[in-house]
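Since the structure comes first, as structure tokens, the remarks are kept for the end.
Note that the coordinates shown come from a computational prediction; the quantities given were computed from them, not determined experimentally. All heavy atoms count here, side chains included; hydrogens, waters and symmetry mates do not. Note on naming: letters A, B, ... go to the chains in the order of the sequence lines (proteins, then strands), and numbering restarts at 1 for each one.
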There are 2 protein chains.
Amino acid sequence: MPLTETSPSPRKPALRRSAGETRDALMEAAFGLVRAQGLSATSVDEICGAAGVSKGAFFHHFKSKEHLAAAAADHWSETTGAMFDAAPYHAAADPLDRVLGYIAFRAALIDGAPEAFTCFVGTMVQEAWATSPPVQAACWDSISGHAGKLEDDIAAAMAAHDVSPGWTARSLALHTQAVLQGAFILAKASGDAEMAREAIRHLRRYVELLFARGGPVLSPDTNH
Amino acid sequence: MPLTETSPSPRKPALRRSAGETRDALMEAAFGLVRAQGLSATSVDEICGAAGVSKGAFFHHFKSKEHLAAAAADHWSETTGAMFDAAPYHAAADPLDRVLGYIAFRAALIDGAPEAFTCFVGTMVQEAWATSPPVQAACWDSISGHAGKLEDDIAAAMAAHDVSPGWTARSLALHTQAVLQGAFILAKASGDAEMAREAIRHLRRYVELLFARGGPVLSPDTNH
DNA sequence: TTTTACATACCAACCAGTCGGTTTATGTGT
DNA sequence: ACACATAAACCGACTGGTTGGTATGTAAAA
């Protein structure tokens, strides 16, 4: 199964539901449902119902459920990316403050029910990694791309604070994503969002310890 | 839906397939399939096929797919628990060495395909937490119980190394589980097991930094 | 008038779970 | 030892509902 998505049409004006709105509504309906139930437990009819559109509209915009999943992963990257770009922690002058601000921001987002604060692509990739290469790739793009933005601030913080570590900015950026994804699992399993916040508090402490001084690292191993 | 499993019959000798062997075969077949595809994408027929038993046998041993899932989570706790209990890192005299030994052991287990080294309950709870309370509870029992064993060593290490932190042994034990679960997601998403090992290397460095000295912690916040 | 956006009815495949029947182990009386 | 009764283990055909996806038609936009 290929997977060449119908590109977001270059047309500009509005239709019955302004251009692409139905498409977005379907993908955003999938966000909540998949985070609550998983991908394969979420039926196309359910997504249509939540989005308020018919099944015919679904298959007009997406050639299959798998295509929706991959497109939704991309859409997730865009919407969350815009949200993080607009977040206040970017204003900090010290890049380390931006990194710690990012972590604090992630912790602050954890509120309410897990289907509202957990990661769409992190949930979906658990089911799709082996069965759907396009979905796996879209999920990895999302996680990796998001980590890339953080990586820049980490790299700047490393330069500014003169750390000479056995680890790279990229590996630390990905480690933060691992902690976040794992924190979401703890929250879902325990039914307690506080479990996720506690794990993130340890992550913040780790980053603080790493940048506390530029001295020798304890571990000889490198994160290359 | 209640969920009182037919207790492992008090009979002793062997049947066609020695007592409980079919049951175990079904649960262990589920381990691999669920880790690769997720729970709801895995059909009962598929599990039967992998275990080499008929559908009639499946529903003789489990009253529903959900019951199998919950029982399999318990079985996962038992089999992995026995495996960790037998691991060599327990021999270390210094409790901190046991904690670091545990982390090294977890890293060493990451080899081959994700369906062979990732966590069954961590994968399953992502799909079941909102739809099946019994499965959610069994998964949390598994994670929480496993963390409990590590917690004991962490607590001993805290006493032996005179740390007076703003965090608890339990919160650190759960943090390690978060890192591991998140590391598995990175491995599945990227298709590269090395991603998981790198995240765990950061975890080890964090524990080393925490125990490097008993001085004041940087963060005023507590992990209670 | 052509294309896009949607709607509805429909379908074959698949799903979890059921059911009647068969096979095998085991305990008991003799 | 041996028949016999009982129950557990197991089989595979079947069922009713659901699934992803299609076919056909219609109304609005361009």
Side-chain angles (χ1 to χ4, degrees), chain A residues 1-3 5-27 29-30 33-34 37-49 51-72 127-128 131-132 135, chain B residues 1-3 5-27 29-30 33-34 37-49 51-72 127-128 131-132 135:
Chain A
M1 43 200 93
L3 204 150
E5 198 49 58
T6 57
S7 63
S9 73
R11 303 173 159 284
K12 40 187 177 239
L15 299 297
R16 337 214 176 172
R17 209 170 180 171
S18 66
E21 244 186 35
T22 301
R23 231 183 109 90
D24 289 357
L26 283 165
M27 293 188 286
L33 288 166
V34 169
Q37 304 171 341
L39 179 62
S40 56
T42 300
S43 69
V44 171
D45 287 303
E46 226 172 339
I47 297 170
C48 291
V53 304
S54 72
K55 209 169 185 177
F58 181 102
F59 285 100
H60 172 73
H61 289 285
F62 304 100
K63 54 169 67 168
S64 72
K65 189 186 175 184
E66 189 190 16
H67 279 76
L68 163 90
E127 289 178 84
T131 51
S132 175
V135 174
Chain B
M1 41 200 92
L3 205 150
E5 199 48 60
T6 56
S7 64
S9 73
R11 303 174 157 284
K12 38 188 181 242
L15 298 295
R16 342 220 175 158
R17 210 169 179 173
S18 64
E21 245 186 34
T22 301
R23 234 183 105 90
D24 289 356
L26 284 165
M27 292 188 286
L33 288 166
V34 170
Q37 303 171 342
L39 179 62
S40 56
T42 301
S43 70
V44 170
D45 286 301
E46 225 173 339
I47 296 170
C48 292
V53 305
S54 72
K55 207 168 188 177
F58 182 100
F59 285 100
H60 173 74
H61 289 286
F62 304 100
K63 54 170 68 169
S64 72
K65 189 186 174 184
E66 188 190 17
H67 279 77
L68 163 91
E127 289 178 85
T131 51
S132 175
V135 174

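The closest side-chain donor-acceptor pair between A/Ser132 and A/Glu66 falls under 3.5 angstrom.
Rounded to an integer number of Å, the gap from B/His67 NE2 to C/dA16 P is 16 Å. Straight-line distance from the CZ atom of B/Phe62 to the P atom of D/dA8: 17 Å, rounded to whole Å. At whole-Å resolution of the value, CG in B/Leu26 and P in C/dG17 are 14 Å apart. Note: CD (B/Glu66) to P (C/dC15) measures 19 Å, nearest angstrom. We find that CG of B/Asp45 is positioned 7 Å from P of C/dA16, with the value rounded to whole Å. Protein atom CZ of A/Phe58 is 8 Å distant from nucleotide atom P of D/dG20, rounded to whole Å. Atoms CG (B/Asp24) and P (D/dA9) sit 13 Å apart, rounded to a whole Å. Rounding to whole angstrom units, CD of residue A/Glu46 and C1' of D/dG20 are separated by 14 Å.
An OP1 or OP2 oxygen of C/dT4 is reached within less than 4.0 angstrom by no side-chain nitrogen or oxygen of A/His61. For C/dA5, neither phosphate oxygen OP1 nor OP2 lies less than 4.0 angstrom from any side-chain nitrogen or oxygen of A/Thr22.
Looking at heavy-atom distances under 4.0 Å, A/Thr42 makes contact with sugar-phosphate atoms alone, never a base.
Rounded to the nearest 0.5 angstrom, B/Phe59 CZ and B/His67 NE2 are separated by 11.5 Å. The line from CG of A/Asp45 to NZ of A/Lys55 is 4.0 Å long, rounded to the nearest 0.5 Å. Rounded to the nearest 0.5 angstrom, B/Ile47 CD1 and B/Leu39 CG are separated by 7.5 Å. Interatomic distance, OG1 of A/Thr22 versus NE2 of A/His60, reported as 9.0 Å (0.5 Å rounding).
Listed for the A/Lys63 side chain is no donor-acceptor partner under 3.5 Å among the backbone atoms of A/Leu68.
The side chain of B/His60 approaches D/dA8 more closely than any other nucleotide in the set D/dA8, C/dC6, D/dG20. Closest contact between the side chain of B/Phe59 and the listed nucleotides C/dG17, D/dA9, D/dT19 involves C/dG17.
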For side chain to side chain donor-acceptor pair (under 3.5 Å), just list the numbers for B/Gln37 and A/Thr131, CA-CA rounded to whole Å, side-chain angles, deciding distance to a tenth of an Å, and then say yes or no.
-> CA-CA 7 Å; B/Gln37 303 171 342; A/Thr131 51; over 6 Å; no
Just by protein heavy atoms under 4.0 Å, how would nucleotides 11-16 of chain D read 5' to 3' in B, S and -?
-> BB----
